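The block underneath contains the structure these notes are about, expressed in structure tokens.
Note that the numbering runs from 1 along the sequence shown for the chain. All values reported here derive from a predicted model rather than from experimental measurement.
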Amino acid sequence: MTQVSLVELIAGAQAGLLVSFPTDTVPALAAIPEQAPLIFQAKQRSQDKPLILMGGSAEDLWPYVQGSEYELQIWQQVASQHWPGALTLVLPASPRVPKQMNPTDPTTIGIRVPNRAIAQTILAQTGPMATTSANFSGQPPLQTLAEIAQQFPEVLTLEPEPVKGETAGIGVPSTVSKWTGTNWQILRQGTVKLSC
């Protein structure tokens, strides 16, 4: 079991290791974007299921997407209503997004800012990270440190101490909404309801 301090977890992530940390929905399995293949490997995840780019703030994420000024205004308006929170926006990817994040369709990227202080603290230090739920592909998301450590012994997890006093995640993955060029298409309904 590889439980580490917050400082060690951030350093490990920056060094390209797989890490896991709590979010406002389900615990994340994360790596810097260039190391996204580690996540696909660990989860035994099919290449056609893209990862989400999670950031500590909306400002950290906008450079990874591209659209017209009008589109950017729409996206930022939706983000300002629901971020930080359980909403992932799938938008046209900018050249900054490594192809490994979405191997079968590198033209889009899902982005999200979690509503959890510990996750924001980590992401503010590491920069945006490739993330997904911590579980083997096709299985329910794991909820506890013990479960994550058992399935992914090589992954760095946080010691319970820094997480004390924070509310637990809601246990439901985020709503995923894709921009079609004119409006939103809901790919996965979570707790956030988006008017399309």
### Query
So Arg116 and Thr25, side-chain hydrogen bond (donor to acceptor under 3.5 Å, both in side chains) or not? Walk me through it.
CA-CA 9 Å; Arg116 184 122 191 215; Thr25 56; over 6 Å; no

### Task
Take Val90 and Trp179 through the test side-chain contact (heavy atoms from CB on, under 4.5 Å) and record every step on the way to the result.
CA-CA 6 Å; Val90 179; Trp179 179 250; over 6 Å; no

### Query
When you look at Lys43 and Ser133, which way does the side-chain contact (heavy atoms from CB on, under 4.5 Å) test go after all the steps?
CA-CA 9 Å; Lys43 279 182 68 109; Ser133 54; 3.5 Å; yes

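Between Arg112 and the choices Leu61, Thr88, Val176, Thr175, the side chain to side chain contact (heavy atoms under 4.5 Å, CB included) rule is met once, by Thr88.
The CG atom of Leu91 sits 5.0 Å away from the CH2 atom of Trp75 when rounded to the nearest 0.5 Å. To the nearest 0.5 Å, atom CZ of residue Phe21 and atom OG1 of residue Thr157 are 12.5 Å apart. To the nearest 0.5 Å, atoms OG1 (Thr191) and NE2 (His82) are separated by 10.5 Å. Taken to the nearest 0.5 Å, the CG atom of Leu187 stands 5.0 Å off from the CD atom of Gln185. Atom CD of Glu147 and atom CD of Gln150 lie 8.0 Å apart (nearest 0.5 Å). In this structure, CG in Leu72 is found 12.5 Å from OH in Tyr70, a value given to the nearest 0.5 Å.
Contacts classified as side chain to side chain donor-acceptor pair (under 3.5 Å) and involving residues 98-111 (residues at least two apart or in different chains) are given here: Asn102-Thr108, Asp105-Thr107.
By the 4.5 Å heavy-atom criterion applied to side chains, Leu87 and Ser174 are not counted as neighbours.
Under the 4.5 Å side-chain contact rule for hydrophobic residues, Val26 and Val155 do not share a cluster. Hydrophobic clustering places Phe136 together with Leu18 (ILVMFWY residues linked when any side-chain heavy atoms are closer than 4.5 Å, directly or through intermediates). Hydrophobic clustering (side-chain heavy atoms under 4.5 Å, transitive across Ile, Leu, Val, Met, Phe, Trp, Tyr) keeps Ile52 apart from Trp184. Leu53 and Leu38 fall within a single hydrophobic cluster, where Ile, Leu, Val, Met, Phe, Trp and Tyr are joined by side-chain heavy atoms under 4.5 Å apart, directly or via other members.
A donor-acceptor pair under 3.5 Å is absent between the side-chain atoms of Gln47 and the main chain of Pro103, judged by distance alone. Judged purely by atom type and a 3.5 angstrom limit, Asn115 has no side-chain atom pairing as donor or acceptor with the backbone of Gly85. The backbone N or O of Gln66 sits nowhere less than 3.5 Å from a side-chain atom of Ser94 that would complete a donor-acceptor pair. With hydrogens and angles disregarded, no donor-acceptor distance shorter than 3.5 Å links the side chain of Gln35 to the backbone of Ile32.
Residues Ser20 and Ile148 share a closest heavy-atom pair of OG-CD1, 3.6 Å. The two residues Leu158 and Pro22 have their closest heavy-atom pair at CD1-CD, 4.1 Å. The nearest pair of heavy atoms linking Ile39 to Ala31 is CD1-N, 3.8 Å. The two residues Thr2 and Pro153 make their nearest non-hydrogen contact at OG1-O, 3.0 Å. Taking every heavy atom of both residues into account, Ala130 and Met101 meet most closely at CB-SD, 3.2 Å. Between Glu159 and Gln3, the closest heavy-atom pair is CA-OE1, 3.9 Å.
Taking the ring centroids of Trp83 and Trp62, they lie under the 6.0 Å cut-off.
When the shell of 6.0 Å around CD of Glu154 is examined, it contains more than 12 heavy atoms from other residues, nucleotides or ligands. For Gln139, the CD atom counts as densely surrounded, since its 6.0 Å shell holds more than 12 non-hydrogen atoms of other residues, nucleotides or ligands.
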Quiz: residues 117-126 side-chain donor-acceptor pairs under 3.5 angstrom, not counting sequence neighbours:
from, atom 1, to, atom 2, distance (Å)
Gln120, NE2, Pro114, O, 2.8
Thr121, OG1, Ala117, O, 2.9
Thr126, OG1, Ile122, O, 3.2

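Inspection of the Ser177 and Arg188 side chains reveals no N or O donor paired with an N or O acceptor under 3.5 Å. A side-chain donor from one of Glu8 and Ser5 sits under 3.5 Å from a side-chain acceptor of the other.
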